[in-house]
Amino acid sequence: MAIEDDVLVIGGGLAGATAALAAADAAPDVRVRLVTYKQSTLRHASGLIDILGYAPDSPEEGPLVDPFDALSDLPEGHPYERVGSDAVREALAFFDDVAGDAYAGDHTDANALVPTHGGTVKPTARYPVSTADGLASDDRDALLVGFETLPDFEAPLAAAHLEAAGAPFSARGATIPFPGIVRDDAKVTRYAHLLDQDETVTTGAGETGAREALATTVAERLGDESRVGFPAVLGDEHAAEVRADLAAALGADVFEVPMGPPSLPGMRLEDLLYDALEEAGVRVTSGVPVIDYETAAEADAVAADGGSGADRIDRVVVDRNGTEIPHRADQYVLATGGLVGKGVRSERERVFEPIFDCHVPHAADRYDWFVDDVFGDQPYARFGLASDRELRPLDAGDEPEFSNLRAAGAVLGGYDFAAEKSGAGVSLATGYVAGTRAGEEAE
């Protein structure tokens, strides 16, 4: 017997979680399930919600001030062009409702410039409140603090890069020992836990709480700066409390600098979204890959009117520890990621989507998939599914592959999320639209 739902979302990243939440919000009476195989890619993300940081046709002109001004100029087939700018705004407002006071930036359409661990600045539409006092548009001088056991953040180098990039403030970096950690292989969650629980640590002055010990060490390096930036490890469940205690002890505002993977802000975003899924009544099934599917024609043989009915997905099959479990739904959303997430795959002769074998537009000659300039405009960066305005994947003849399947996030093609700085925004907007449409049709 198949497990029955009304909407089934495949993929547990930002696009998938948003789609499931949007489906549940659009039609509260429908049964929504999210199935995901591997750990969410949110854990590797910065936690920033970008919409569009750079214009695709002129990135050399620098960060966009207002991303919405540029949406109307995007080429046909870009995911934002498919859903429209109004839907992008609606999706962002939907995220604001879900995120609550955990994120900032909803007071303006303009991009914020958030410093990263490499000393660059990233234009973004929404950012965790933990980063709010570190915006590059703020002209207050900043001390960046790195830890000897956390080599991913070289504070003096990041500070030098910020100044070289023309940041409107003086940045200085200092590297210090982190109280209570002596090994350089400690997980970021260990740093956060020490501060969350304010564990007792031993310093040269004796035993004290981890927060006080950290503040004392930083205070010895602090000059006239009115704000202090740390790697994004300042607590998890009690992160706001940790920042407030450090700020009070230092007499300066405290902010976090987004890090590379594994990312604590990404983990916090994942927790926020999955708490919202639970509250919305969405069923989540983890650790199960979707390995097959059947169409209505395959399930029912030949339709009574003689038609094939092959354009509608009847069920998918998941592998649960070697047992094949069928799941049936009225509507499906595919949010399995792109080439990086393996929602799109490539072999020497072809590029394909591995679950439903949806068409992925690409040149027949694999040598046309890339250009010799490593920093050039790489065709493979835009590989993904083409879709109609309902986000239904299209076949080679520009017809929907299945009437009840939509795609969201990086599995879609037609854009280069890394160059545009649009990855989270596309996942959010297309997840919202795909989930809303699926919920409405399943109602």
Practice problem: Could you list the residues that satisfy side-chain contact (heavy atoms from CB on, under 4.5 Å) with T203, not counting sequence neighbours? | Solution: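 With sequence neighbours excluded, T203 shows a side-chain contact (heavy atoms from CB on, under 4.5 Å) to V201, A205, T208, A213, given in chain and number order.
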Self-check item: Any residue meeting side-chain contact (heavy atoms from CB on, under 4.5 Å) with A17, in chain and number order, not counting sequence neighbours
Solution: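 Once residues adjacent in sequence are excluded, the partners of A17 under the side-chain contact (heavy atoms from CB on, under 4.5 Å) criterion are L273, L277.
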How about [X] and [Y]: do any of their side-chain heavy atoms sit closer than 4.5 Å?
X: V7; Y: D330; value: no
X: T217; Y: F178; value: no
X: P400; Y: D388; value: yes
X: V433; Y: R406; value: no
X: L222; Y: V228; value: yes
X: V83; Y: V88; value: yes
X: D96; Y: R126; value: yes
X: I325; Y: V288; value: no

Quiz item: When the ring planes of H78 and Y80 are compared, do they come out parallel, tilted or perpendicular, using 30° and 60° as the limits?
Solution: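 Rings of H78 and Y80: parallel, under 30°.
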Quiz item: Do other residues, nucleotides or ligands put more than 12 heavy atoms under 6.0 Å from F417 CZ?
Solution: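 No, CZ of F417 has 12 or fewer neighbouring heavy atoms, counting only those of other groups under 6.0 Å.
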Self-check item: F68 atom CZ: more than 12 heavy-atom contacts under 6.0 Å
Solution: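 For F68, atom CZ is crowded (more than 12 foreign heavy atoms under 6.0 Å).
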Self-check item: Test: R31 and D6 ion pair at under 4.0 Å
Solution: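 Yes.
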Exercise. Taking only Lys NZ, Arg NE, NH1 and NH2, and the carboxylate oxygens of Asp or Glu, determine whether R392 and E401 approach each other closer than 4.0 Å.
Key: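 A salt bridge is absent here (no side-chain N lies under 4.0 Å from a carboxylate O).
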[Y] backbone acceptor or donor facing [X] side chain under 3.5 Å:
X: K342; Y: L339; value: no
X: D196; Y: H238; value: yes
X: D416; Y: R382; value: no
X: T131; Y: P128; value: yes
X: R82; Y: S387; value: yes
X: E81; Y: G77; value: yes
X: D5; Y: V32; value: no

Quiz item: For V257 and P115, which heavy atoms make the closest approach, and how far apart are they?
Solution: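 That would be CG1-O, 3.7 Å.
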Practice problem: Please name the pair of heavy atoms, one in L272 and one in A102, separated by the smallest distance, quoted to 0.1 Å. | Solution: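 Looking at all heavy atoms of both residues, the closest pair is CD1-CB, 3.7 Å.
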Contact list for [range], test side chain to side chain donor-acceptor pair (under 3.5 Å), sequence neighbours left out:
range: residues 274-289; result: R33-T285
range: residues 422-432; result: E420-S422
range: residues 245-260; result: S130-E256, R140-D253, R211-D245, E256-R268

Self-check item: Donor-acceptor pair between E353 and H359 side chains, under 3.5 angstrom
Solution: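 The answer is no; no qualifying pair exists.
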Practice problem: Taking the six-membered ring of Y332 (Phe, Tyr or Trp), confirm whether the NZ or CZ of R315 is under 6.0 Å from its centre and within 45° of its axis. | Solution: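 No, cation not above the ring by the 6.0 Å, 45° rule.
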Quiz item: Are R243 and F255 in a cation-pi setup, meaning NZ or CZ lies under 6.0 angstrom from the ring centre and within 45 degrees of the ring axis?
Solution: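 Because its charged atom misses either the 6.0 Å distance or the 45° angle limit, R243 does not stack over F255.
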Quiz item: Between F153 and F230, does the ring centroid distance fall short of 6.0 Å?
Solution: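 Centroid separation for F153 and F230: 6.0 Å or greater.
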Practice problem: Might you work through the side chain to side chain contact (heavy atoms under 4.5 Å, CB included) test for V114 and L48, ending with a clear yes or no? | Solution: CA-CA 9 Å; V114 178; L48 302 175; 4.3 Å; yes
Practice problem: Determine, stepwise, if the pair V316 / F356 fulfils side chain to side chain contact (heavy atoms under 4.5 Å, CB included). | Solution: CA-CA 9 Å; V316 298; F356 300 107; 3.9 Å; yes
Practice problem: Report the C-alpha separation of D236 and T189 in whole Å, then their side-chain angles, then the decisive distance to 0.1 Å, and conclude whether the side chain to side chain contact (heavy atoms under 4.5 Å, CB included) test is met. | Solution: CA-CA 8 Å; D236 189 7; T189 49; 5.9 Å; no
Self-check item: Distance, nearest 0.5 Å, that separates CD of Q331 from CD of E441
Solution: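 Result: 4.5 Å between the selected atoms.
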Practice problem: With rounding to the nearest 0.5 Å, note down the distance linking CD1 in I355 to CD1 in I291. | Solution: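 Here the rounded value is 10.5 Å.
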Self-check item: With D57 via salt bridge (Lys or Arg N to Asp or Glu O under 4.0 Å) - residues at least two apart
Solution: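 Result, salt bridge (Lys or Arg N to Asp or Glu O under 4.0 Å) vs D57: none returned.
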Practice problem: Give the intermediate values and the outcome of side chain to side chain contact (heavy atoms under 4.5 Å, CB included) for residues V333 and L8. | Solution: CA-CA 6 Å; V333 178; L8 184 69; over 6 Å; no
